[in-house]
Amino acid sequence: MRDTRATDRQQGLEVLDMKNLIAGNWKMNGTMGEAIKLANSIVDAIQSDAQLLEKNDFLVCPPFHHIVPVEAELTMAVNIGGQDCSPFDAGAYTGDISATMLKDVNCSYVILGHSERRSYYSESNMLIKQKAQMANEQGLTAIICVGETETEREAGQEQDVVATQMLESLPEGATADNTVIAYEPVWAIGTGKVATIEDITAMHDFIRAKLAEKLEGADKVRILYGGSVKPANAEEIFAVANVNGALIGGASLKAEDFVGIAKAS
Ligand code: 13P
């Protein structure tokens, strides 16, 4: 296994051994019955392998109306979160779910600014920042997603795009406790294409450096990689020093694959 952490240690660089966050974004998939079955299978697979919890924290983010029944099946080992939240707290906002409501049903995380929301619903950095602010005020950890399109990468703009998305979406008072960054290159989502290890390393190092300009304790902020993560490619990805977990779409819908990814960390 490529272990860039070991290399960094040899070079005297500080390496923080934080647990990987293995996060499943279930997106808009499945019936209630399927969601409950998936939750049960994940819990069973994790419970039968004690070492998994030493190295990983787990999170699942089902569709809103599956949160309560899924949460009832989960053990303390698996956190639950939303896939989005409103920038408002309460009131006449048809179709919205507030951070307060997520907190009320035991969510501890919320995914914000996913590229699907940025592109299909034209979510701006400003809106994502407002949502993150609400999430943090309610004690939720905001997973702020960033990532360039293929065209932007081909034009060599990937770092500028990611830096702008991240810095403009981060709320005031963001800390390592209430913020996670997920780097998901848009062209790698659901396509089977994965960024190269060199590209992932370069972008995660860049994100860490940009965070350090903005936040205290930036070295403790988890930076997840997302985009076609599978059991077969997870080991290499997790070996990158500034990768602190994965945000998983398709493979999170099969307990075996989701837990298989965690086993690679
Ligand atoms: P895939 O794992 O299906 O590529 O999706 C990644 C993603 O969008 C997670 O948020």
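Note that the numbering runs from 1 along the sequence shown for the chain. Atoms considered below: every heavy atom in the structure, side chains included; atoms not considered: hydrogens, waters and symmetry mates. Whatever order the structure lists ligands and atoms in, that order sets their numbers, starting from 1.
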Between Ala77 and Leu53, what is the shortest heavy-atom contact and its length?
CB-CD2, 3.6 Å
Verify the distance criterion only: is there a donor paired with an acceptor across the side chains of [X] and [Y] at less than 3.5 Å?
{"X": "Asp89", "Y": "Thr100", "value": "yes"}
{"X": "Glu123", "Y": "His114", "value": "no"}
{"X": "Arg222", "Y": "Asn20", "value": "no"}

Enumerate, atom names and distances included, each donor-acceptor pair closer than 3.5 Å involving a side-chain atom of residues 248-262, sequence neighbours excluded.
{"unit_1": "Ser252", "atom_1": "OG", "unit_2": "Ile248", "atom_2": "O", "d": "3.2"}
{"unit_1": "Ser252", "atom_1": "OG", "unit_2": "Gly249", "atom_2": "O", "d": "2.7"}

Which N/O atoms of ligand 1 sit under 3.5 Å from a protein N/O, and at what distances?
{"unit_1": "ligand 1", "atom_1": "2 (O)", "unit_2": "Gly249", "atom_2": "N", "d": "2.9"}
{"unit_1": "ligand 1", "atom_1": "3 (O)", "unit_2": "Gly250", "atom_2": "N", "d": "2.8"}
{"unit_1": "ligand 1", "atom_1": "4 (O)", "unit_2": "Gly190", "atom_2": "N", "d": "2.6"}
{"unit_1": "ligand 1", "atom_1": "4 (O)", "unit_2": "Ser228", "atom_2": "N", "d": "2.7"}
{"unit_1": "ligand 1", "atom_1": "5 (O)", "unit_2": "Lys27", "atom_2": "NZ", "d": "3.4"}
{"unit_1": "ligand 1", "atom_1": "8 (O)", "unit_2": "Lys27", "atom_2": "NZ", "d": "2.8"}
{"unit_1": "ligand 1", "atom_1": "8 (O)", "unit_2": "His114", "atom_2": "NE2", "d": "2.8"}
{"unit_1": "ligand 1", "atom_1": "10 (O)", "unit_2": "Asn25", "atom_2": "ND2", "d": "3.1"}
{"unit_1": "ligand 1", "atom_1": "10 (O)", "unit_2": "His114", "atom_2": "NE2", "d": "2.9"}
{"unit_1": "ligand 1", "atom_1": "10 (O)", "unit_2": "Glu184", "atom_2": "OE1", "d": "3.2"}
{"unit_1": "ligand 1", "atom_1": "10 (O)", "unit_2": "Glu184", "atom_2": "OE2", "d": "3.0"}

Check the surroundings of atom CE in Met126: do more than 12 heavy atoms from other residues, nucleotides or ligands lie under 6.0 Å from it?
no
